[in-house]
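Take a look at the structure set out below.
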Amino acid sequence: MDPMAKSGTTTQGLRTAIERSGYYPALVAEAVEAAVGGEPISSYLVHQETTFDSNEVRRHVTVLVLTGNRFIVSHTDEQAADAGSPSPYATTSTESVKLSSISSVVLSRVVANPESYTPGTLPREVVLTIGWGAVARIDLEPAACGDANCDADHGYTGNSTADDLSLRVSEAGDGPEAVRQTLVFAQALSEATAATSAPSAR
């Protein structure tokens, strides 16, 4: 069985991975290839997930592509017929981000039995979060002072977190190879953004 996440470095490999996902491959491939244009591909990741909404099953595919200068993200969703459309339909979108605009690449790993962890063992689950400033999550809570008897209004305090893209891949749901390929792509993206932000030698 093919894993739900694929990673690699060639245009043909990207198209093959999209076709193997089985999720409207002609639509997805056309959108992604148009966004990539003629740039060589450094790395890519194709991830499909299925969600259950009431009595409906919905699928979603995310394609991430890394080139020498850009990070490209594509989302495709299918929708059931509704008041505006008498037949089911799909929507696909692509966004192109300059590597220099990426502010954070966060990779969270969930590891079983950490006391006996062996380096190189695949995590049980990984969450890849990438931020480039298009979307930010703000968490607020009432501010307080050190006086337990104070009832004054101190306003609010909180923090802002870049959260443009979050991708969860698990060994149980997607297979071990999907987890492995997500790690490969995350490392390639981290290295690319580090190289972009490094000061140029004089």
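- Two different hydrophobic clusters hold Leu183 and Val110 under the rule that ILVMFWY side chains link at heavy-atom gaps under 4.5 Å.
- Note: the hydrophobic cluster containing Val111 does not contain Leu128 (ILVMFWY, side chain heavy atoms under 4.5 Å, direct or indirect links).
- Shown here for Gly68 and Ser42, the closest heavy-atom pair between the two residues is N-OG, 3.9 Å.
- Taken to the nearest 0.5 Å, the CD atom of Gln12 stands 10.5 Å off from the CD1 atom of Ile41.
- For the side-chain contact (heavy atoms from CB on, under 4.5 Å) criterion with Pro25, the lone passing option out of Arg15, Glu19, Arg20 is Glu19.
- Checking side-chain atoms of Arg124 against main-chain N and O of Ala172 turns up no donor-acceptor pair under 3.5 Å.
- Side-chain contact between Val63 and Tyr44 is absent, with no heavy-atom pair separated by less than 4.5 Å.
- Note that CD of Glu171 is 9.5 Å distant from CZ of Arg180, once rounded to the nearest 0.5 Å.
- For the atom pair Asp164 CG and Glu95 CD, the distance stands at 7.0 Å (nearest 0.5 Å).
- In the hydrophobic clustering of ILVMFWY residues, with side-chain heavy atoms under 4.5 Å counting as a link, Phe185 and Val127 come out apart.
- Between Arg70 and Ser96 the shortest heavy-atom distance is NH1-OG, 2.9 Å.
- What you find for Leu27 and Ala90 is that their closest heavy atoms are CD2-CB, 4.0 Å.
- Separating the OG atom in Ser190 from the CD1 atom in Ile102 is a distance of 9.0 Å, to the nearest 0.5 Å.
- To the nearest 0.5 angstrom, Lys98 atom NZ is 13.0 Å from Thr67 atom OG1.
- A donor-acceptor contact shorter than 3.5 Å links the side chain of Glu78 to the backbone of Arg59.
- Under the 4.5 Å side-chain contact rule for hydrophobic residues, Val106 and Val97 do not share a cluster.
- Closest heavy-atom contact between Asp174 and Gln48: OD1-O, 4.1 Å.
- Counting all heavy atoms, side chain and backbone alike, Ile72 lies closest to Ala35 at CD1-O, 3.7 Å.
- Proximity of Leu165 to Phe71: side-chain heavy atoms (C-beta onward) are separated by under 4.5 Å at one or more points.
- Atom CD of Gln187 sits about 13.0 Å away from atom OG1 of Thr182, to the nearest 0.5 Å.
- Side-chain contact between Leu99 and Leu66: present, with at least one pair of heavy atoms (C-beta onward) separated by less than 4.5 Å.
- Between the side chain of Ser103 and the backbone N or O of Gly131 there is at least one donor-acceptor pair closer than 3.5 Å.
- For the side-chain contact (heavy atoms from CB on, under 4.5 Å) criterion with Val32, the lone passing option out of Val65, Val46, Val73 is Val65.
- Each of Tyr117 and Val179 belongs to its own hydrophobic cluster when Ile, Leu, Val, Met, Phe, Trp and Tyr are linked at side-chain heavy-atom distances under 4.5 angstrom.
- No donor-acceptor pair closer than 3.5 Å links the side chain of Ser104 to the backbone N or O of Ile130.
- Counting all heavy atoms, side chain and backbone alike, Thr118 lies closest to Thr121 at O-OG1, 2.7 Å.
- Looking only at side-chain heavy atoms (C-beta outward), Val36 and Thr11 stay at 4.5 Å or farther from each other.
- Considering only heavy atoms from C-beta on, Thr92 stays 4.5 Å or farther from Val61 through its side chain.
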